[in-house]
Amino acid sequence: DPPPLAPVRNCAEFEPSTGALIRYPLGIPYNLIQELTEDVMVHVVVSSAYQSQAVSNFTAQGVNMARVEWIVAPNNSIWTRDYGPWFVFDGNGDQVILDHYYNRPARPDDNVIPIVVGQRWGIPVVTHDLWHAGGNYMTEGNGLSFSSDLVWTENPGMTHPQIAQFMLDYYGVDTYDVLPDISLSGIHHIDTWGKLLDEETVLMKQVDPSHADYARMEANAATVASLTDKYGRPFRVVRVYCPPIPTGNVAAYTNSLILNHKALVPTFNKPVEDAAALQVYRDNMPGYEVIGYTYSGWITDD
């Protein structure tokens, strides 16, 4: 589809939100879902085969069903951050969903979920063919966004300037900072090592000097600190130490959710390090309630 009517503005995660999109069968704990329903609607992608089970389990777990919307549609996986809709406001100030090409071609049902929810919610959907994933994208809502260089690797038919122009045309992003990924393996998503806390602050992972990713991580932290935000000031970089965990490489504290006045953070049953990570959020997000959620399913990448 052609881009939305200009000028386009891509909204940030920390702007006011009315809901959260998840999928059943779940990849998150029920106490986190209960927390979400305290503030917003929880929109649950579920196939018709699982809907009855989902309703039964949500009810048994005490989830506020008045704050749950079932989106009954075929789907392939739990990764709604990666395949779900991205929101912009067009030149008229109207909300539009942008539907990127989800970079997991083996999951075709996931790839059409933005179209499904757009039709359900009555929001126009603009589909485009840039391969991407929500976990490899973050924006501050004022025309500046970050990704790892996975976006370059997965769109080999486009030059780097062409990708930057595409992001400007479709998302209103006039400053697209693309950084080298920190690891030679893994999914190469920026949310595994960085997160915008506000328009001027980037939380970045810190690992032991003996870790294989240490030098690349420190180089990226230095690069971000040298970049200029939309106010003409260098970004403020804050660090969160990510210790080794049994279910993967190191803890994924940057892979959190900012939802209105709350920051919801994965924790890894490491009391000292978990507490320190939550304190980093509290110190750098005044006015937010910071809550940690320990869950056996959290892994290094997501």
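Residue indices begin at 1 and follow the sequence shown.
Aromatic ring pairs are classed by plane angle as parallel below 30°, tilted from 30° to 60° and perpendicular above 60°; the pair H160 and W152 is parallel. Using a 30° and 60° split on the angle between ring planes, Y137 and W86 fall in the parallel class, below 30°. Using a 30° and 60° split on the angle between ring planes, F166 and Y170 fall in the parallel class, below 30°.
Using a 4.5 Å cut-off on side-chain heavy atoms (C-beta onward), L203 and S256 make no contact. Side-chain contact between I97 and P124 is absent, with no heavy-atom pair separated by less than 4.5 Å. Under the 4.5 Å side-chain criterion, counting only non-hydrogen atoms from C-beta, R67 is not in contact with M65. Using a 4.5 Å cut-off on side-chain heavy atoms (C-beta onward), Y102 and W131 make no contact.
Within the 3.5 Å criterion, the main-chain N or O of N249 finds a donor-acceptor partner in the side chain of T300. With hydrogens and angles disregarded, a donor-acceptor distance shorter than 3.5 Å links the side chain of Q162 to the backbone of T159. Side-chain atoms of R23 come within 3.5 Å of backbone N or O of P25 as a donor-acceptor pair. Between the side chain of D90 and the main chain of N92, a donor-acceptor pair closer than 3.5 Å is present. Side-chain N or O atoms of D94 include none that pairs as donor or acceptor with a backbone N or O of F89 at under 3.5 Å. A donor-acceptor pair under 3.5 Å is absent between the side-chain atoms of D208 and the main chain of H211, judged by distance alone. A donor-acceptor distance shorter than 3.5 angstrom exists from the side chain of T153 to the backbone of D149, with no hydrogens or angles considered. In terms of modelled atom types and a separation under 3.5 Å, the side chain of N103 and the main chain of E154 share no donor-acceptor contact. Distance alone, capped at 3.5 Å, places no donor-acceptor pair between the Q61 side chain and the V63 backbone. Between the side chain of N76 and the main chain of D110, a donor-acceptor pair closer than 3.5 Å is present.
Under 4.0 Å is where a charged nitrogen must lie from a carboxylate oxygen, and between D191 and K205 no such pair does. Residues R233 and E200 are paired through a salt bridge, judged by an N-O separation under 4.0 Å between the basic side chain and the carboxylate. Salt bridge annotation for E15-R9: present, with a cationic side-chain nitrogen under 4.0 angstrom from a carboxylate oxygen.
Residues satisfying the side chain to side chain donor-acceptor pair (under 3.5 Å) test with N155, not counting sequence neighbours, are none. Judged as a side chain to side chain donor-acceptor pair (under 3.5 Å), and not counting sequence neighbours, the contacts of R236 are T201, N284. Residues passing the side chain to side chain donor-acceptor pair (under 3.5 Å) test with E35, sequence neighbours excluded: K262, Y293. With sequence neighbours excluded, no residue satisfies side chain to side chain donor-acceptor pair (under 3.5 Å) with T223.
Across all non-hydrogen atoms, the minimal contact from R120 to V72 is NH1-N, 4.4 Å. When all heavy atoms of N111 and D99 are compared, the closest pair comes out as O-OD1, 3.5 Å. Shown here for L36 and L259, the closest heavy-atom pair between the two residues is CD2-CD2, 3.6 Å. The two atoms that bring M138 and K195 nearest to each other are SD-CA, 3.6 Å, heavy atoms only. Of all the heavy atoms in Q34 and G62, the pair that sits closest is NE2-C, 4.3 Å. Between W298 and T267, the shortest heavy-atom contact is CD1-O, 3.2 Å.
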Can you give me every donor-acceptor pair (side chain of residues 45-57, partner residue at least two apart or in another chain, under 3.5 Å) with its distance?
residue	atom	partner	partner atom	Å
Q53	OE1	Y24	OH	2.6
N57	ND2	Y24	OH	2.7

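Test V202, D229, I258 against L196 for side-chain contact (heavy atoms from CB on, under 4.5 Å) and you get one pass: V202.
With hydrogens and angles left out, the side-chain atoms of Y83 and R104 include no donor and acceptor closer than 3.5 Å. In this model, no donor atom of one side chain and acceptor atom of the other lie less than 3.5 Å apart for Y295 and N31. Side-chain polar atoms of W193 and Q206 form no donor-acceptor pair below 3.5 angstrom. A donor atom on one side chain and an acceptor atom on the other are found under 3.5 Å apart for N136 and S148.
Taking the ring centroids of F268 and Y253, they lie under the 6.0 Å cut-off. Taking the six-membered ring for Trp and the full ring otherwise, the centers of Y171 and H128 sit less than 6.0 Å from each other.
Within the hydrophobic cluster formed by Ile, Leu, Val, Met, Phe, Trp and Tyr side chains joined at under 4.5 Å, directly or through other members, V272 stands alone, with no partner residue.
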